[in-house]
Amino acid sequence: MKHFTIFGNPVEHSKSPQMHNAGFSYINFDGIYDKSQLEDGTTIKQVFLDNHLQGANITVPHKEFAFSNADEVRGLALKIGAVNTYINENGKVIAYNTDAPGFMKAIEEFQNITPIKKAIILGAGGTAKAIAVAFKEAGIETTILNRSENRLEFFKELGCKTSTWDDFSCRSYDLVVNSTSAGLKDDSYPTPLTILEEILKNSKYAIDCIYGKVTPFLTKAKEFNIPCKDGEDMLLYQGVLAFELFTDTRADKSLVSAMREALRKE
Ligand code: NDP
């Protein structure tokens, strides 16, 4: 039986095991996926190999350690500088980032109606980095708006427009993304309300990376009658893409539905 895990700290809340185990049974794959609380991210490759893992996902706060520890990094992860997936290829640790393509898959339903050409990302953390690199690859003109200045350098170098709340001047956008943690454990907006309302007035679609709740950001987007969604599809598709790497299969619609159903279970 092949063994998979998710490394994180904390990791107790993770729904990845239920999603992947449902996928394994759906395709009769002989695998088991569990959770691994990891305190020291610098040990991640050794722990992965010592436990004879075939694959793993990596979540907060270890994605950057996982990037620098891997034997080889492939794809967009090279530009993002963080990975969420490890594969054991004959004893070598190969690393990928499926957050970025997973996010692009999550916004396909908007893209199918109106091509997304201009986007604004609220927040400048790890998630914003993955999304901004995916946008860059897709030729989407991107603005980053963050409450503080210190994390903007990466995005400037990538070629994004950047600003803080103090020097922001609103334009029109096809998509606004909330990648801040505002609304995750509190009821705050990702920007001061006047700025958020101006952005929503000038945006066609909205997506929150937070999943499983209607955040103040999503409530506002609904008030402005903007088609919007939470981060469930983003979580699902990063998982589906990792699953394809783990099992070397292509996920069809029915497998994706089985994984989604498992994700929704309490
Ligand atoms: P980081 O800690 O790396 O970045 C957090 C960002 O949010 C920073 O830019 C920070 O600003 C900003 N921020 C935090 N609190 C507030 C606030 N009250 N008001 C305004 N800005 C704030 O987090 P991640 O990028 O890893 O995660 C961001 C969000 O995305 C989380 O809510 C997480 O749950 C969600 N997520 C969802 C995933 C999914 O699959 N659906 C996957 C990964 C993450 P500053 O720089 O000023 O501190």
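Read the numbers this way: they start at 1 and go in the same order the structure lists the ligands and their atoms. All of these numbers come straight from a predicted model, not from anything done at the bench.
Ion pair Glu64/Lys129 flagged as a salt bridge, since at least one NZ, NE, NH1 or NH2 atom sits closer than 4.0 Å to an Asp/Glu carboxylate oxygen. Salt bridge present: Glu72 and Arg74 bring a charged side-chain N and a carboxylate O closer than 4.0 Å. At a threshold of 4.0 Å, the pair Asp208-Lys213 does not count as salt-bridged, since none of the basic side-chain nitrogens sits closer than that to a carboxylate oxygen. For the pair Glu141 and Lys136, the salt-bridge criterion is not met [side-chain N within less than 4.0 Å of a carboxylate O]. With salt bridges taken as basic N to acidic carboxylate O contacts below 4.0 Å, one links Lys204 and Asp174. We find that Lys156 and Glu149 are joined by a salt bridge, their nearest charged nitrogen and carboxylate oxygen being less than 4.0 Å apart.
The heavy atom nearest to atom 31 (C) of ligand 1, out of those in Asp233, Leu236, Thr127, Thr180, is found in Thr180. Nearest-residue assignment for atom 39 (C) of ligand 1 (options Ser188, Cys209, Gly239; heavy-atom criterion): Cys209.
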Take Glu223 and Lys220, measure what salt bridge (charged side-chain N to carboxylate O under 4.0 Å, His left out) needs, and give me the verdict at the end.
CA-CA 5 Å; Glu223 265 177 51; Lys220 262 292 155 208; 2.8 Å; yes
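Each of the following atoms of ligand 1 lies closer than 4.0 Å to a heavy atom of Tyr211: 41 (N). Those atoms of ligand 1 that come under 4.0 Å of a heavy atom in Gly123, given as number and element, are 9 (O). The ligand atoms of ligand 1 that sit less than 4.0 angstrom from a heavy atom of Ala124 are 9 (O). Within the listing of ligand 1, atoms 17 (C), 18 (N), 19 (N) sit less than 4.0 angstrom from a heavy atom of Ala182. Atoms of ligand 1 found under 4.0 Å from any heavy atom of Ile210 (numbered from 1 in listed order, with element): 32 (O). Contact atoms of ligand 1 toward Ser148: 45 (P), 46 (O), 47 (O) (distance under 4.0 Å to a heavy atom of the residue). The ligand atoms of ligand 1 that sit less than 4.0 angstrom from a heavy atom of Gly126 are 3 (O), 25 (O).
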What donor-acceptor contacts under 3.5 angstrom involve side-chain atoms of residues 105-117, with partners at least two apart or in another chain?
residue : atom : partner : partner atom : Å
Lys105  : NZ   : Glu108  : OE1          : 3.1
Glu109  : OE1  : Lys229  : NZ           : 2.8
Gln111  : OE1  : Ile116  : N            : 2.9
Asn112  : ND2  : Glu108  : O            : 3.3
Thr114  : OG1  : Tyr205  : OH           : 2.9

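Formation of a donor-acceptor pair under 3.5 Å by the Ser179 side chain with backbone atoms of Leu122 is found in this model.
By the 3.5 Å distance cut-off applied to N or O atoms, Gly231 is counted among the residues near ligand 1.
The shortest contact between atom 5 (C) of ligand 1 and any protein heavy atom is with Ser181 OG, 3.6 Å. With hydrogens left out, the protein atom closest to atom 42 (C) of ligand 1 is Met234 CE, 4.1 Å, a heavy atom. Atom 4 (O) of ligand 1 has as its closest protein heavy atom Gly125 CA, 3.3 Å. Closest protein heavy atom to atom 2 (O) of ligand 1: Arg151 NH2, 4.1 Å. Of the protein's non-hydrogen atoms, Ser179 O, 3.1 Å is the one closest to atom 28 (C) of ligand 1. Closest protein heavy atom to atom 33 (C) of ligand 1: Leu184 CD2, 4.7 Å. If you check which protein heavy atom lies closest to atom 48 (O) of ligand 1, you get Arg147 NH2, 3.2 Å. Protein heavy atom nearest atom 20 (C) of ligand 1, with residue, atom name and distance: Pro190 O, 3.3 Å.
At a 4.0 Å heavy-atom cut-off, ligand 1 touches Leu235 through backbone and side chain alike. When heavy-atom distances to ligand 1 are checked against a 4.0 Å cut-off, Trp165 comes that close only through its side chain, counted from C-beta outward.
Residues Tyr189 and Thr215 have side chains that never bring a donor and an acceptor to within less than 3.5 angstrom of each other.
Note on ligand 1: Gln238 sits outside its first shell, no heavy atom being nearer than 4.0 Å.
Inter-residue side-chain proximity for Met104 and Phe135 is flagged as met; some heavy-atom pair is nearer than 4.5 Å. With contacts defined as side-chain heavy-atom distances shorter than 4.5 Å, the pair Thr249/Ile27 qualifies. Inter-residue side-chain proximity for Met234 and Tyr211 is flagged as unmet; no heavy-atom pair is nearer than 4.5 Å.
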